[in-house]
Amino acid sequence: MIKTAGGLLLRALVVLSGTAILTFALLWNAPGDPAQAIAMARFDALLTDEVIDQVRAEVGLDRSFWQAFWAWLGPLLTLDFGNSAVTGRPVWPDLWASISYTFPLAFAALGIGLIISVPLAILATKRPGSLLDRFAVGLASIGNAIPAYWLGLILILIFAVKLAWLPALGASTPAHAILPALTLGLGVAASLTRIIRSGILEARGQPFLPAIRRRGVSDRSVGRDHVAPHAAIPVVTVFGLELAFLLEGLVLVEVIFGRPGLGTFLVQAILSRDFSHVQAVVVLTALVFVVVNLVIDLIYRVIDPRIGESNA
Amino acid sequence: MRSVALLVIALVLLAGVGPMLAPYDPTVINIPKRLSGPSAEFLLGTDALGRDILSRLLHGARWSLGLAFVISVISMIIGTTIGLAAALGGRLADWVAMRTTDTFLAFPELVAAIVIAGLMGAGTWSLIFALSVTGWMRYARVARGIGLSVQSRGYVVQARLAGLPSWSIARWHYLPSLIPSLTVVWTGMFARAILGISALGFLGFGVQPPNPEWGSMLLDARVHLRSTPLQMIWPGLAVVICVLAINLAGDALRDALAQQDAPE
């Protein structure tokens with residue numbers, strides 16, 4: 001167990017450093033003059049070459065690739081993201097402020113997704129192939145095909161424009177979070193329904209279930225103690241993918257609803273070529289996903305001991 | 001299987017013939033007729049510059065489906081090459097290839113594509129590049145997995161003993177057994193590419209105006225949500241129908257292949 005954990009940790013470190021180098025290389029080699037873009041974002045006026053060169057020296061763009069890379073990586077190892085190239089303010093407080101908008105939204109969306117998908121999948125698998133089952137599968141297939149930004153616009157059209165029940169733009173009150181959370185949550189529900197449904201069906205087909213039933217174990221206990229844990233394995237496995245899906249949706253949904261979260265932060269940073277902001281978001285995202293995948297790997301070795309055996 | 005074939009024909013027709021059916025030039029600006037609702041003259045109405053929405057939608061099929069095809073094929077080539085290199089190239093090559101795959105997989109694909117396309121500067125080439133380099137990992141995993149399982153089969157061992165070079169073994173002995181699974185992965189990635197293209201278009205990082213692409217049409221329509229809400233429905237509906245159809249075809253294909261393998 002400790003050996004596997006060590007191996008996984010090493011793998012996580014490789015992945016993280018790979019991401020850091022790739023991001024930096026991408027930023028460094030992006031076409032166009034970043035100094036000019038930063039100067040534009042700062043002063044928003046006609047610029048002389050002098051001003052641009054001044055910005056270049058100040059931000060450190062006149063150094064060589066590796067010099068700049070180490071100058072960035074050193075402080076990063078102590079979780080210091082440096083200062084914004086555009087505003088000059090430290091990155092972390094601004095980044096944290098945007099995360100504080102994104103986090104509750106992501107949790108609400110996951111919650112909505114689970115509240116819809118778990119009962120739907122359980123009801124659907126009561127009788128596989130029944131009308132209800134086919135309805136659930138159909139709904140999930142359609143849900144998977146709907147892009148988050150389009151669903152968001154439709155919800156705005158119905159609930160904010162036509163019915164005028166809910167606010168659409170901004171993030172000033174909790175009510176502003178309802179439509180974005182619903183947009184993301186419905187998407188999460190669609191993909192989770194499929195996964196949980198096939199998880200339950202596969203768990204039902206396990207050869208040990210008839211043996212347990214014959215011993216006189218009640219249907220209720222079979223479902224709770226044997227089918228449910230088994231069906232949980234694929235759900236845990238895809239949790240990382242689900243989180244990725246959620247983040248992809250978040251970027252677009254925040255832009256649509258004008259919420260000042262992580263997605264808006266990223267898009268703004270890309271447009272203004274704010275190197276340190278882009279790097280901070282990318283590294284933080286990679287860190288979160290590496291940790292999540294590490295935890296998932298460990299968790300499902302614990303809930304399904306067979307995985308450790310076959311890999312060893 | 002028949003439904004899959006029908007669907008492929010339908011999509012090829014949509015991208016191939018669709019633009020010819022368009023009643024107007026999709027880029028011609030007609031300000032006096034701007035933001036008009038559906039009428040006999042403009043079946044789905046016009047956008048903010050007075051361009052015919054139906055024509056833009058039909059031409060958009062070529063952009064969205066054509067680009068998605070190009071992107072999903074490029075990423076298939078990248079992924080299959082990396083996966084086969086991992087399976088055939090020995091332990092070091094395997095380690096490097098799989099850790100690279102992990103690195104790319106560790107990051108949400110669309111977010112990576114947004115960063116790449118955004119930094120490279122908006123445009124069709126950046127779009128193709130961004131979505132291709134973030135879309136090859138599933139192919140690589142599948143190619144490597146099947147590659148490793150084929151390794152011990154008689155005909156591969158024989159080819160190796162006969163002294164054939166690795167690339168030739170990969171081409172003639174591995175690739176044929178890869179094709180069914182790669183096709184299933186491809187349908188999924190084709191659908192994802194359509195979603196990715198329209199997402200980048202919607203953020204303004206993808207296909208640039210005046211070209212009619214479904215995502216950028218949504219971006220245009222968003223501003224006029226209050227006055228002409230229908231304008232926003234069509235491009236989204238087009239994306240949903242295509243993605244849904246491709247996903248269903250992919251499911252059918254996977255089931256058909258699973259049935260074929262079952263008796264063995």
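Within every chain, numbering begins at 1; the chains are lettered A, B, ... in the order of the sequence lines, protein sequences first and strands thereafter. When reading the values below, keep in mind they use all heavy atoms of this one structure, side chains included, and skip hydrogens, waters and symmetry mates.
Here the straight-line distance linking atom CD1 of A:I142 with atom CG of B:N247 works out to 11.5 Å at 0.5 Å rounding. Interatomic distance, CE of B:M232 versus CD1 of A:I154, reported as 4.5 Å (0.5 Å rounding).
When all heavy atoms of A:A145 and B:L244 are compared, the pair lying nearest together is CB-N, 3.6 Å. The minimum heavy-atom distance linking B:L237 with A:W150 is given by the pair N-CZ2, 3.4 Å. Heavy-atom minimum distance, A:V255 versus B:R222: O-NH2, 3.3 Å. Closest non-hydrogen pair, A:E248 versus B:E109, comes out as OE2-N, 3.1 Å. In this structure, A:I270 and B:L119 approach most closely via the heavy-atom pair CG2-N, 3.9 Å. Of all heavy-atom pairs spanning B:F205 and A:V267, the tightest one is CZ-CG1, 4.2 Å.
Interface remark: B:A199 contributes backbone and side-chain atoms alike to the contact with chain A (heavy atom separation under 4.5 Å). Neither the backbone nor the side chain of B:W214 has a heavy atom closer than 4.5 Å to any heavy atom of chain A. Contacts of A:L266 with chain B are made by side-chain atoms alone, with heavy-atom separations under 4.5 Å and no backbone atom involved. Heavy-atom distances place both the backbone and the side chain of B:I233 under 4.5 Å from chain A. In this structure, chain A has heavy atoms under 4.5 Å from both the backbone and the side chain of B:S198. Both the backbone and the side chain of A:I256 come within less than 4.5 Å of a heavy atom of chain B. Both the backbone and the side chain of B:I114 come within contact range of chain A, with heavy atoms under 4.5 Å apart. For A:V288, no part lies under 4.5 angstrom from a heavy atom of chain B.
When the candidates A:I146, A:L271, A:V282, A:L151 are compared by the number of heavy-atom contacts under 4.5 Å with chain B, A:V282 comes out ahead. In terms of non-hydrogen atom pairs under 4.5 Å with chain B, the most contact-rich of A:A244, A:G263, A:A160 is A:A244. Top candidate by heavy-atom pairs under 4.5 Å with chain A, chosen from B:L110, B:V243, B:I194, is B:L110. Taking chain B as the reference chain and counting heavy-atom pairs below 4.5 Å, the highest number among A:G18, A:P147, A:S17, A:A148 is found for A:P147. Put simply, of A:V251, A:L247, A:V290, the one with the most heavy-atom pairs under 4.5 Å next to chain B is A:L247. Counting heavy-atom pairs under 4.5 Å between each of A:L252, A:L246, A:T19 and chain B puts A:L252 at the top.
Taking 4.5 Å as the limit, every side-chain heavy atom of A:L22 sits out of range of all side-chain heavy atoms of B:F107.
In the displayed structure, A:F24 atom CZ is contacted under 6.0 Å by more than 12 heavy atoms of other residues, nucleotides or ligands.
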